[in-house]
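Report on the following structure.
Both counts, for ligands and for their atoms, begin at 1 and track the order of listing. Everything numeric here is computed off the predicted structure, so don't read it as measured data.
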Amino acid sequence: MTVAVVLFTQDLRLHDNPALHAARTAADQVVPLFVTDPAISAAGFDAPNRRAFLAGCLTDLDASLRRAGSRLLHRRGDTAEQTARLAAEVDAVSVHVAAGVSGYARRREQRLRRALGDRLQVHDGSVTAVPPGAVTPAGRDHYAVFTPYHRAWQQVRRRTPLPAPRTLSTPDGPRGTAIGEARPNARRLPEAGESAARRAWQRWHTESYAQLHDDLAADGTSHLSPYLHFGCLSANELAHLAERREGPGAEAFVRQLVWRDFHHQVLAARPAAAHADYRTRHDRWRTDEAELAAWQQGRTGFPIIDAGMRQLAETGWMHNRARLLTASFLAKTLYLDWRLGARHFLAHLVDGDLANNQLNWQWVAGTGTDTRPNRVLNPLAQADRYDPDGAYVRRWVPELAELPGREIHRPWRAGRRPAGYPAPLVAPDAVAQRLREGREIDKNGSAKES
Ligand code: FAD
């Protein structure tokens with residue numbers, strides 16, 4: 001009997017899983033492994049919401065593997081050491097893992113390679129729909145601009161999604177440790193794991209996505225981001241499934257998956273973009289602990305910003321439009337370092353993802369891939385546009401609920417300030433002056449270059 005090990009990382013699923021599929025083809029028996037590595041906590045990356053969600057994903061993966069006749073072996077320690085030890089225990093002919101994009105994932109691969117030599121097989125196209133580097137512009141190792149990347153992405157022949165294995169055979173011998181539970185700091189998290197992810201996709205309708213995806217109160221986006229982050233759903237399979245649904249909603253949804261691939265190929269080529277400016281503009285960020293704390297706590301006095309920050313604290317998730325507005329407020333209006341904001345997001349987001357978070361923050365801060373780095377989002381104009389009757393703010397900032405219609409976006413105009421709600425951190429008519437020198441807000445709420 002030959003045995004192969006499959007090391008699960010950001011691919012916690014049975015469907016369309018190239019590493020699992022290859023392990024099953026390579027040997028008579030498969031040992032599915034997940035290693036909880038203290039290096040992730042040391043890097044400050046295992047925030048309570050994601051730790052709790054991950055535990056649920058692993059429990060669900062174990063249950064699905066058991067239904068197929070196998071089980072998930074969970075171990076704690078250094079990933080390369082634990083994997084090599086298991087490979088020796090079961091005399092594995094090969095070890096299979098999905099290719100990752102972060103610097104951490106790259107180093108992990110190198111260490112696995114040193115420990116396992118040729119027995120290690122790294123599988124592309126598992127974390128993203130199109131693998132980083134599969135399309136590149138002439139003379140460069142990655143695309144720095146989204147639109148040409150999108151065009152090139154559409155020309156790629158993507159692999160046909162792989163079915164989930166119906167049966168798996170696993171040797172009795174090797175033992176693991178309990179997955180354990182973790183306490184989130186959000187009030188309620190979405191149900192974790194591949195089974196819930198597939199139900200969520202089935203439940204969600206793409207039809208109105210094109211019209212509604214920016215409407216804050218309608219909350220019409222898929223909420224699939226945590227499942228994509230942990231690989232409970234394959235981006236490749238999801239793109240195929242969405243394309244079958246057709247229509248402008250499905251097209252708009254696939255475009256967002258392309259944004260995801262875009263940021264991943266940037267990070268894969270420039271791992272330092274996780275902490276350093278991708279394109280520095282020599283910002284000299286201000287330091288203001290009180291302003292940072294007010295932003296983090298949802299007490300800036302700008303209702304649309306506070307609503308987003310409170311949605312994040314309470315649910316571990318935030319609507320994309322609110323992420324754009326809150327990030328722009330921190331980096332462009334308060335002119336505080338984008339890294340402070342990105343760190344706070346990563347401490348709370350259940351979908352917190354190095355590629356998507358850091359590169360979206362850089363996009364907003366003007367240090368990333370935006371072709372208009374001076375773009376500034378005016379919180380008031382944006383609130384009028386994307387929360388026209390104030391329903392989103394009313395949901396998350398209850399102390400303002402009495403203010404009618406869009407008046408809720410300007411509580412300073414009310415006869416007396418609503419009890420318990422702070423005065424604006426920046427005088428509303430001085431928002432523009434607080435912007436970085438050389439930037440100016442136009443009437444529509446986006447910036448023009450001065
Ligand atoms: P949908 O609109 O249904 O989109 C479907 C999927 O496409 C998402 O699940 C996501 O995987 C991908 N996607 C959508 N928008 C983007 C985008 N702008 N960039 C990359 N991928 C995208 N997304 C994360 O997954 N993790 C993060 O840590 C993260 N941090 C962000 C920080 C900032 C400052 C901003 C502006 C955006 C961030 N995003 C992040 C992108 C986006 O806000 C979320 O992916 C989206 O809100 C998740 O909701 P959804 O699944 O309902 O999205």
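- Two rings, from Trp153 and Phe146, have their centers 6.0 Å or more apart.
- Aromatic ring centres of Tyr335 and Trp285: separated by under 6.0 Å.
- Within 4.0 Å of ligand 1, the residues that place a heavy atom are Tyr209, Thr221, Ser222, His223, Leu224, Ser225, Leu228, Phe253, Gln256, Leu257, Trp259, Arg260, His263, Trp317, Met318, Asn320, Arg323, Leu324, Ala327, Phe345, Leu349, Asp351, Gly352, Asp353, Asn356, Asn357, Asn360, Trp361, listed by chain and number.
- When atom types are taken as modelled, the side chain of Arg260 and the backbone of Arg255 share no donor-acceptor pair closer than 3.5 angstrom.
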Between Trp396 and Asp306, is the side-chain hydrogen bond (donor to acceptor under 3.5 Å, both in side chains) condition met? List the steps. CA-CA 8 Å; Trp396 297 109; Asp306 296 341; over 6 Å; no
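- For Trp295 and His344, the ring centers are positioned less than 6.0 Å apart.
- The aromatic ring centroids of Trp201 and Phe253 lie less than 6.0 Å from each other.
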